[in-house]
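Computed from a predicted model, the values in this text were never measured in an experiment.
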Amino acid sequence: MPPVMSGKNGILDQRLELVERELGFKPHLMVHYDPRMALEESVVVWDQMRNGTSFEFQQLRDAVSNYDMRGLDFLLKGIDDAIQEHDELRCQELLADLSEDYSDRAECHYSYARVARAFGKLNEAEVHLQKAIEVDAIFKPAFSELLGILAAGKRFADAVQVCQRRLIQLGDAGISEARPEVQHRLGELAMAAELFDVAVAAYHELCKAAIQDGGSLVDEFNYAESRRRAKTRVPHEDWKRIIELREKSIEGGAGSLDWRLNRLQAMHIPYAMLGQIEEASSLLVQVADLVRAISPRERLFSVAKYQYQSVAEFTRWNDEMLKAIESRRLWDGSVLPTSRYTIP
């Protein structure tokens with residue numbers, strides 16, 4: 001099918017109608033292109049089908065992949081197997097075949113990165129991941145893995161630049177649906193890099209997009225907190241709105257333990273900024289109690305540095321937050337109001 005699928009009475013609609021007539025049912029399915037198919041034309045795949053048609057299609061695809069030994073699927077599977085077997089020579093042979101026929105595909109450069117990483121060549125892997133992103137702006141695996149490498153090395157400023165370039169690529173390609181996830185990662189990494197103005201801009205865009213849905217607790221909090229760290233005044237009404245959104249989210253369910261620990265620790269800030277010291281302290285005490293149920297091998301996301309930390313480090317920051325609250329300050333030295341604010 002052609003790359004442009006949208007449009008009333010277009011080729012997609014025509015073929016869906018044909019499917020309905022031929023199969024005798026109306027498909028209510030997610031339709032997308034499967035980039036793994038090494039064919040001249042893109043192939044449309046119905047994901048959530050649990051019937052004979054779906055099973056037969058999977059069998060057909062597997063048969064095509066195994067038959068076409070120069071096909072993309074066959075080569076990618078071979079590289080997977082060679083990595084599992086720690087066979088670097090076989091990996092290089094398959095990569096050579098992959099380059100010969102598919103050097104213009106993101107999967108090719110991503111495979112080079114995977115092999116490099118599997119054999120301890122992180123610098124080389126980073127170069128290939130960058131190339132995969134340049135070739136295909138919407139190829140998510142390379143983007144996610146590159147951010148993972150940079151974040152693991154505490155190279156947050158470099159990761160911010162990767163996100164900024166990706167947003168430009170997505171804009172050039174006219175792809176809007178992938179922007180929110182990248183904006184969120186940009187904001188998070190900018191906070192970790194202490195590039196607070198960059199974080200403010202990223203979270204502001206997310207908040208604007210969420211207005212029509214009644215607002216997002218995560219986006220509203222991050223937008224306010226990034227402004228606070230950027231030394232920009234945050235209106236008391238904004239902190240109050242975050243508290244109101246939290247109360248609504250509590251009604252919807254508690255969430256997993258690590259999720260609750262992150263939210264409880266973060267939410268002490270809005271209460272503290274409104275002079276509600278007892279409430280802020282109570283949240284941190286809850287964190288101190290709940291964190292004991294977490295395995296010491298886990299990693300938790302802490303609002304202190306906007307990074308995942310060991311349980312011991314997360315607990316240490318929480319203890320510092322509690323001590324600071326007792327002195328009517330935040331852990332970063334910000335002075336808190338001497339009285340409670342009451343906002344209509």
Side-chain angles (χ1 to χ4, degrees), residues 144 147-160 163 181 183-196 198-200 202-203 206 216-231 234 239 242-243 245-246 249-250 254-273 276-277 279-334 336:
S144 300
L147 289 188
I149 288 176
L150 296 175
K154 305 295 183 184
R155 295 166 56 193
F156 299 113
D158 290 340
V160 165
C163 288
E181 183 179 358
Q183 286 283 3
H184 182 78
R185 291 291 284 140
L186 172 59
E188 184 180 291
L189 291 163
M191 291 289 278
E194 299 185 356
L195 299 171
F196 301 126
V198 175
V200 169
Y203 289 131
L206 288 169
S216 160
L217 171 60
V218 172
D219 296 336
E220 295 276 2
F221 172 83
N222 287 330
Y223 181 41
E225 180 62 5
S226 60
R227 283 179 288 160
R228 186 186 73 79
R229 298 192 192 191
K231 308 301 182 185
V234 181
W239 296 118
I242 291 167
I243 291 172
L245 287 169
R246 176 187 178 247
S249 71
I250 290 174
S256 63
L257 184 53
D258 59 339
W259 184 92
R260 290 166 61 196
L261 286 167
N262 169 249
R263 297 302 189 272
L264 288 168
Q265 188 183 77
M267 283 303 301
H268 94 277
I269 298 172
Y271 286 101
M273 294 303 294
Q276 299 179 21
I277 304 303
E279 290 86 341
S281 179
S282 174
L283 291 174
L284 294 173
V285 169
Q286 289 182 59
V287 171
D289 289 340
L290 287 171
V291 77
R292 297 185 185 128
I294 291 285
S295 165
R297 300 292 176 264
E298 293 282 347
R299 297 188 68 79
L300 299 170
F301 192 87
S302 174
V303 72
K305 294 293 185 181
Y306 268 70
Q307 302 171 31
Y308 281 94
Q309 300 174 329
S310 67
V311 172
E313 188 72 359
F314 179 91
T315 303
R316 184 181 72 78
W317 277 110
N318 199 71
D319 291 343
E320 287 202 20
M321 292 172 183
L322 264 171
K323 286 181 185 177
I325 284 290
E326 293 170 1
S327 303
R328 299 193 79 89
R329 293 176 180 271
L330 292 180
W331 80 96
D332 60 4
S334 299
L336 299 175

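Put simply, the side chain of R185 never gets that close to the backbone of E181: no donor and acceptor are under 3.5 Å apart. Between the side chain of Y203 and the main chain of E188, a donor-acceptor pair closer than 3.5 Å is present. A donor-acceptor pair is defined here as one N or O able to donate and one able to accept, closer than 3.5 Å; no such pair exists between the side chain of R227 and the backbone of V234. Side chain of N318 to main chain of L284: a donor-acceptor pair is present (N/O by atom type, distance under 3.5 Å, no hydrogens or angles). Between the side chain of S295 and the backbone N or O of R297 there is at least one donor-acceptor pair closer than 3.5 Å. Formation of a donor-acceptor pair under 3.5 Å by the Q265 side chain with backbone atoms of V287 is not found in this model.
Considering all non-hydrogen atoms of both residues, A224 and I242 come closest at CB-CD1, 3.6 Å.
For the side chain to side chain contact (heavy atoms under 4.5 Å, CB included) criterion with H268, the lone passing option out of Q286, M321, Q276 is M321.
Within the model, atoms CD of E279 and CE of M267 stand 11.0 Å from one another, a figure rounded to the nearest 0.5 Å. Taken to the nearest 0.5 Å, the CG atom of N262 stands 11.5 Å off from the CG atom of L257. Between I149 atom CD1 and S144 atom OG the span is 11.5 Å, to the nearest 0.5 Å. Expressed to the nearest 0.5 Å, how far CG of L245 lies from CZ of F221 amounts to 12.5 Å. Residue W331 holds its CH2 atom at 14.5 Å from CG of D319, rounded to the nearest 0.5 Å.
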- Kindly determine whether S334 and R329 satisfy side chain to side chain contact (heavy atoms under 4.5 Å, CB included), including the steps that lead there. CA-CA 5 Å; S334 299; R329 293 176 180 271; over 6 Å; no
Exercise for the section: Evaluate the criterion side chain to side chain contact (heavy atoms under 4.5 Å, CB included) for residue pair F196 and E194; output intermediate values, then yes/no. Expected result: CA-CA 5 Å; F196 301 126; E194 299 185 356; 3.8 Å; yes
Assess whether side chain to side chain contact (heavy atoms under 4.5 Å, CB included) is satisfied between L189 and C163, documenting all intermediate values.
CA-CA 9 Å; L189 291 163; C163 288; 3.9 Å; yes
Original post:
How far apart are the C-alpha atoms of N222 and Y306, what are their side-chain angles, what is the distance that settles it, and do they pass the side chain to side chain contact (heavy atoms under 4.5 Å, CB included) test?
Top reply: CA-CA 10 Å; N222 287 330; Y306 268 70; 2.7 Å; yes
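Cation-pi geometry between R246 and W259 is not met: the NZ or CZ atom fails to fall both under 6.0 Å from the ring centre and inside 45° of the normal.
Side chains of I277 and E326 form no contact here, defined as non-hydrogen atoms less than 4.5 Å apart. No side-chain heavy atom of E298 sits less than 4.5 Å from a side-chain heavy atom of D258. For the pair V291/L300, a side-chain contact is recorded, criterion being any heavy-atom separation below 4.5 Å from C-beta on. Looking at R316 and F314, their side chains never come closer than 4.5 Å, going by heavy atoms from C-beta outward. No side-chain heavy atom of W317 sits less than 4.5 Å from a side-chain heavy atom of V303.
With sequence neighbours excluded, the residues that form a side-chain hydrogen bond (donor to acceptor under 3.5 Å, both in side chains) with Q183 are E205.
Atom OH of Y308 has 12 or fewer neighbouring heavy atoms from other residues, nucleotides or ligands inside a 6.0 Å radius.
E225 and R228 are joined by a salt bridge, as a carboxylate oxygen and a charged side-chain nitrogen come within less than 4.0 angstrom of each other.
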